[in-house]
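As structure tokens, the structure follows; a few thoughts come after it.
As the structure is a computational prediction, the values presented were derived from the model and not from experiment.
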Amino acid sequence: MSLRHEAELRRLLGEQRLVSWFQPIVDLATGDVVAHEALVRGPADSPLHLPDALFSTARRHGLLAELDAACRAAAFWGASAQKLRDPVGLFVNVEPEVLDSAPLDVLLEIAANAPGQLRVVVEFTERALAHRPAELLRTVDRIRDAGWAVALDDVGADELSLAFMPLLRPDVIKLDLRLVQDGPGPDVAQVMNAVNAYAESSGALVLAEGIEDDEHLRLARSLGAVLGQGWLFGRPRPVIDMSARTAALPLPPRRAAQASSSSVVDSQASPFSLLPPGAVLRHAPKALLIELTKQLEREALRQGSACVLASTFQLARYFTPATASRYRDLAERIAFVCALAEDMPAEPLPGVRGAALAAGDPVRSEWDVVVLAPHFSAALLARDLGDDGPDAERRFEYVLTYERSTVAAAGRALLARVVAAEPAAPGTPGTPGTPGTLAPSAGSVLAAVPAPTGADVAECLPSLLGEPSLPALPPVPSLEPGAATEALLRRALDASTSGVCVADVRRPDQPLVYVNPAFERLAGFTAGQVLGRNCRFLQGSDTDPAVIDAIRTAVSAGREWTGVVLNHRGPDRTPWWNEVHLSPVHDDDGALVHYIGVQTDVTERVIAQRELAVERDRTRAQRARLEQLGLRTPL
């Protein structure tokens with residue numbers, strides 16, 4: 001099946017058989033159609049007719065860049081052929097995983113030569129900024145230079161999107177469909193607080209997806225949406241309904257901050273150089289900057305999972321073990337953490353993105369710390385004065401600013417230097433250009449069903465090589481499905497030091513159908529005792545319900561999930577902290593069929609972090625008491 005789908009996709013690409021269908025986007029106040037979103041389709045008689053099947057096949061066989069280019073070309077030619085004109089807009093998706101190879105020059109030429117004037121909005125997801133910050137920022141600059149607008153898609157599906165709104169500066173915020181379909185709740189309130197704060201300050205339009213009935217429409221309006229999309233207004237169709245009443249897409253005017261931001265500024269300017277004229281500079285020794293930095297890190301932790309932290313260290317050796325301990329904690333608790341320095345590796349710690357600075361880069365002589373969240377912004381921007389003498393006494397000139405536009409500009413300048421992790425080799429299974437890092441994975445959400453057969457496990461295992469998010473399995477492009485391949489995969493998984501399990505989401509209660517020996521050791525049970533059971537047997541009464549709810553929400557939506565959860569081992573129920581990552585697996589038709597979990601015991605680390613926090617609190621209390629005694633007499 002997989003090879004047949006690959007051949008079919010190559011045929012469709014070679015024969016240029018992909019076309020765009022169009023779904024209307026309406027003004028919720030008037031009902032007027034203000035734009036259409038282009039959605040790719042294969043021929044009606046093809047097994048790859050629907051987008052999910054097309055993209056899952058492309059990912060599996062390394063054809064994502066070719067498919068993405070064909071989709072966007074089809075969107076432009078289709079809109080042009082149907083005489084879609086300004087002021088009605090055209091929404092076009094760009095797959096974030098292939099930003100570095102996206103042929104924007106071709107698109108710009110198509111748009112320039114199309115009859116009339118297309119009003120284009122290019123959609124990205126937060127994955128683009130999380131995985132490929134430098135490429136995305138350059139792409140966004142080129143798009144805006146062409147006079148097009150930018151939309152941030154699936155906002156609310158992941159908290160990353162909330163953290164990245166001020167960095168990407170979208171003109172349109174597209175709410176994930178679950179926000180209007182699932183009804184109010186704490187997650188919806190968090191998303192809408194962040195979205196409305198950004199929309200109010202920027203003038204961005206809020207667009208609600210997935211509106212299928214009047215109840216969805218009422219909730220979308222309550223959430224602040226001014227634009228809507230969904231079956232209530234029209235399903236995707238190959239032909240645009242020209243009889244519908246139309247109006248101009250009310251995009252916000254280009255803001256001065258956007259107009260002045262170019263790829264040159266983002267990729268070459270330093271955060272310190274972006275300070276506004278007249279900024280008051282102070283001088284301070286390195287010792288004071290260290291304390292200011294720690295305070296900003298604590299602020300980042302308080303902001304939680306919708307926060308971005310970017311820091312510079314001049315030289316990688318200044319990223320000390322003590323610093324690494326703090327950043328490990330930050331990476332677990334906030335959305336995105338990056339560290340820049342000369343000789344800094346691409347991933348100095350799991351979950352921390354690194355960037356190596358050239359010796360001549362102006363950031364090399366700076367000390368920059370940027371914290372950006374939906375309701376908080378702060379930056380320490382400092383420049384080395386070049387003092388000789390002891391390192392701790394080196395002086396810097398610095399500014400501590402909370403002005404949001406300055407903080408966001410500094411953050412963009414730093415992230416413009418964070419390139420993608422090394423891409424997969426051409427032709428290997430999985431997604432080209434996708435970072436190969438994997439956070440350790442999850443086991444506590446995936447009881448009783450018939451015991452799985454050998455065929456169940458055999459069906460799951462070939463999928464492992466095709467999923468870029470899985471760890472420790474080297475790509476083997478020459479392998480074909482068969483007994484030899486399954487035996488090799490089993491040996492590789494058996495040798496892994498991380499616990500690996502596979503759950504079948506198509507069966508009632510999502511039973512485990514495979515566990516490796518490392519999982520048996522972590523769980524304290526044999527494979528025969530756990531296969532056929534839901535993975536919740538690892539949980540206990542003291543497991544955090546909020547964490548379990550977050551996992552269930554991610555699994556219900558078919559998304560990845562990473563975090564730390566308290567589990568219990570064996571019949572004696574010994575507690576242990578499990579750092580987990582869940583990865584969804586889809587079949588060739590794009591249907592979700594399995595979840596793969598990878599587990600790591602991080603009990604010692606969690607205990608050490610808690611003891612360190614207690615010691616910090618005790619030290620802070622003692623210091624406050626000493627200061628009080630120094631200022632007051634016992635009387």
Taking only residues two or more places apart in sequence or in another chain, which ones pass side-chain hydrogen bond (donor to acceptor under 3.5 Å, both in side chains) with Glu123? Lys174
Flag for Thr293-Trp367: side-chain donor and acceptor within less than 3.5 Å: yes
In plain terms, say whether Glu299 and Arg302 are close enough for a salt bridge, that is, a side-chain N and a carboxylate O under 4.0 Å apart. yes
Can you tell me how far CD of Glu297 sits from CG of Leu292, rounded to the nearest 0.5 angstrom? 11.0 Å
Restricting to non-hydrogen atoms, name the atom on Gly558 and the atom on Leu592 that form the minimum distance, rounded to 0.1 Å. CA-CD2, 4.0 Å
I need the Ile551 CD1 to Trp561 CH2 distance, nearest 0.5 Å. 3.5 Å
So that I know where these two stand, are Phe519 and Phe525 an aromatic pair - ring centroids less than 6.0 Å apart? no
For a 4.5 angstrom cut-off between non-hydrogen side-chain atoms, does Leu357 reach Gln314? no
Do Arg404 and Pro166 make a side-chain contact, defined as non-hydrogen atoms from C-beta onward lying under 4.5 Å apart? yes
Donor-acceptor pair, Asn516 side chain versus Ser498 backbone, under 3.5 Å? yes
Arg333: partners by side-chain hydrogen bond (donor to acceptor under 3.5 Å, both in side chains), with sequence neighbours left out: Asp329
Rounded to the nearest 0.5 Å, the CD atom of Glu579 sits from the OG1 atom of Thr562 at a distance of 8.5 Å
Would you say the side-chain atoms of Ser325 pair up with the backbone N or O of Ala322, donor to acceptor, closer than 3.5 Å? no
May I have the step-by-step check of side chain to side chain donor-acceptor pair (under 3.5 Å) for Thr320 and Thr323, ending in yes or no? CA-CA 5 Å; Thr320 64; Thr323 306; 3.0 Å; yes
Using 4.0 Å as the upper bound for N to carboxylate O, is an ion pair formed by Arg569 and Asp601? yes
Looking only at the side chains, is there a donor atom on one of Arg178 and Gln181 sitting less than 3.5 Å from an acceptor on the other? no
Would you say the side-chain atoms of Thr312 pair up with the backbone N or O of Leu340, donor to acceptor, closer than 3.5 Å? no
Just verifying a value: how many Å separate Leu309 CG and Arg326 CZ, rounded to the nearest 0.5 Å? 10.0 Å
May I ask you to check whether Phe164 and Phe336 place their ring centres under 6.0 Å from each other? yes
Minimum heavy-atom separation for Ala208 to Ala225, with atom names? CB-CB, 3.8 Å
With distance as the sole test, does Asp504 use its side chain to make a donor-acceptor pair with the main-chain N or O of Pro511 at under 3.5 Å? no
Glu520 meets the salt bridge (charged side-chain N to carboxylate O under 4.0 Å, His left out) criterion, sequence neighbours left out, with none
To the nearest 0.5 Å, atom OG1 of Thr600 lies from atom CG of Leu522 at 7.5 Å
Where is the tightest heavy-atom contact between Leu167 and Gly411, given as atom of each residue plus distance? CD2-C, 4.0 Å
Holding to salt bridge (charged side-chain N to carboxylate O under 4.0 Å, His left out), I want the full list of residues that pass it with Arg328, two or more places apart in sequence or in another chain. none
Does Phe55 reach the side chain of Leu64, with side-chain heavy atoms less than 4.5 Å apart? yes
Could I get the full list of side-chain hydrogen bond (donor to acceptor under 3.5 Å, both in side chains) partners for Ser305, not counting sequence neighbours? Glu159
State, yes or no, whether a side-chain contact exists between Val180 and Leu175 at a heavy-atom distance under 4.5 Å. no
If every non-hydrogen atom of Tyr198 is compared with every non-hydrogen atom of Pro170, which pair is closest and at what distance? OH-O, 2.9 Å
With rounding to the nearest 0.5 Å, note down the distance linking CG in Asn578 to NE2 in His568. 12.0 Å
Salt bridge (charged side-chain N to carboxylate O under 4.0 Å, His left out) with Asp587: which residues, sequence neighbours excluded? none
Taking atom types as modelled and ignoring hydrogens, do the side chains of Ser311 and Tyr327 form a donor-acceptor contact shorter than 3.5 angstrom? yes
